Amino acid sequence: MLVVALTGGIGSGKTTVSQLFEAFGIPVVDTDIIARQLVAPGEVALKAIINQFGSAILSADRSLNRTKLRQIIFQNAEKKAQLESILHPLIRQEVARQISALIAPYCIVAIPLLIENNQQGIANRTLVVDTPESAQLARVTLRDNQTENEVSAIISAQASRDERLAAADEVIHNDGSLAELKQQVAVLHQKYLIYSQTS
Ligand code: ADP
């Protein structure tokens, strides 16, 4: 099956674009959801994380303390690599399992940190949602109740627009209205239907 990786920065519009593809009947595999399920209490990934980082990584209710984990791996490349070596193979495995169960001409795999984590190999094509930083800031501060400084810090820790665009097979420019966004998805949907016949 043709597999299209969907990526973009925080607040670029990935979720909105996913929903527009779903409205055309195209299944979306969400790696954020998979990553969260993998570290649920009792799951093997959580056990591996506890082995690596110690049980201090758990909250009082024995679930993973994600904030603590983020703090540990932030600016510690070695610990970040250790965590990724636990999670990435399991995420890839689960993505492949979900894709194999799908019946559709093509599917979307939403991978927010595709470029940062060098995961292009997961898909046949890379679709980037490209959005000016000013729009990301405005949309995320409205959506998540975060300050502009907090959102700016997240944006600068992520890949740059140029880095993403360099990896893109297709680009959605989300700097206009929702109607314009929908129109771009409609055009891409037709394109992917054609590609799916030869893949
Ligand atoms: P992401 O999943 O990339 O973080 P979202 O799809 O959640 O981004 O979009 C961020 C916010 O901006 C959401 O509240 C969404 O409804 C809104 N949004 C996305 N695209 C547009 C647009 N073209 N016009 C207005 N609001 C938008």
Side-chain angles (χ1 to χ4, degrees), residues 3-39 66-67 69-70 73-74 84 87-88 91-92 94-95 98-99 102 104 106-120 122-192:
V3 178
V4 179
L6 171 67
T7 195
I10 181 172
S12 59
K14 298 177 296 294
T15 308
T16 313
V17 167
S18 292
Q19 288 162 353
L20 291 168
F21 277 105
E22 280 174 335
F24 283 113
I26 297 305
V28 176
V29 174
D30 187 326
T31 56
D32 262 356
I33 294 175
I34 290 174
R36 253 175 274 138
Q37 288 169 343
L38 282 174
V39 297
R66 300 166 68 88
T67 311
L69 186 59
R70 254 198 307 272
I73 63 164
F74 188 66
E84 288 173 350
L87 286 179
H88 288 181
I91 292 173
R92 291 176 90 94
E94 178 59 16
V95 167
Q98 291 191 12
I99 290 173
L102 295 173
Y106 72 93
C107 70
I108 301 284
V109 182
I111 314 180
L113 298 179
L114 179 85
I115 313 298
E116 292 83 345
N117 293 338
N118 209 7
Q119 289 182 319
Q120 283 93 326
I122 246 175
N124 304 108
R125 303 193 73 79
T126 298
L127 169 58
V128 167
V129 187
D130 181 53
T131 306
E133 212 171 284
S134 54
Q136 285 179 276
L137 275 174
R139 289 173 189 161
V140 177
T141 46
L142 199 69
R143 183 191 66 183
D144 295 348
N145 197 21
Q146 281 182 296
T147 66
E148 286 211 359
N149 281 345
E150 286 166 338
V151 182
S152 282
I154 297 171
I155 292 174
S156 35
Q158 294 186 336
S160 69
R161 282 175 79 186
D162 284 346
E163 283 166 335
R164 276 195 207 93
L165 290 173
D169 295 299
E170 282 84 37
V171 179
I172 287 181
H173 300 281
N174 190 13
D175 50 3
S177 66
L178 287 170
E180 285 166 310
L181 190 64
K182 195 172 175 182
Q183 176 58 24
Q184 293 181 70
V185 173
V187 171
L188 279 174
H189 174 59
Q190 293 306 323
K191 190 169 171 174
Y192 290 144

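When a ligand or atom number is given, it counts from 1 through the structure's own listing order. Note that the coordinates shown come from a computational prediction; the quantities given were computed from them, not determined experimentally.
Although no hydrogens or angles enter the test, the distance criterion places no donor-acceptor pair under 3.5 Å between the side chain of Thr141 and the main chain of Glu148. A donor-acceptor pair under 3.5 Å links the side-chain atoms of Glu116 to the main chain of Ala159, judged by distance alone.
For Gly9, the heavy-atom gap to ligand 1 drops under 4.0 angstrom. Residue contacts with ligand 1 do not include Ala135, since none of its heavy atoms lies under 4.0 Å from the ligand.
Nearest-residue assignment for atom 27 (C) of ligand 1 (options Arg139, Gln136, Gln19, Arg143; heavy-atom criterion): Arg139. Taking only non-hydrogen atoms, the option from Thr15, Ile172, Thr16 nearest to atom 19 (C) of ligand 1 is Thr16. With atom 20 (N) of ligand 1 as the reference point, the heavy atom nearest to it among Leu142, Asn174, Val140 is part of Asn174.
Thr126 and Ala167 make their closest contact through CB-O, 3.5 Å (heavy atoms, listed as atom of the first residue, atom of the second, distance). Residue Asn124 comes nearest to Asp169 through the heavy atom pair O-OD2, 4.2 Å, listed as atom of the first residue, atom of the second, then distance. The two residues Asp30 and Asp32 have their closest heavy-atom pair at OD1-N, 2.8 Å.
Considering both main-chain and side-chain atoms, Gly11 comes within under 3.5 Å of ligand 1 through a nitrogen or oxygen pair.
Within ligand 1, counting atoms from 1 as listed, the ones closer than 4.0 Å to a heavy atom of Lys14 are 1 (P), 2 (O), 3 (O), 4 (O), 6 (O), 8 (O).
Heavy-atom contacts from other residues, nucleotides or ligands closer than 6.0 Å to CD of Glu133 number 12 or fewer.
The protein non-hydrogen atom at the shortest distance from atom 8 (O) of ligand 1 is Gly13 N, 3.1 Å. The nearest heavy-atom contact from the protein to atom 21 (C) of ligand 1 is Leu178 CD2, 3.4 Å.
Only the backbone of Ser177 comes within 4.0 Å of ligand 1, counting heavy atoms alone; no side-chain atom from C-beta on gets that close.
For the residue pair Glu180 / Ser177, a side-chain donor-acceptor distance below 3.5 Å is found, with atom types taken as modelled.
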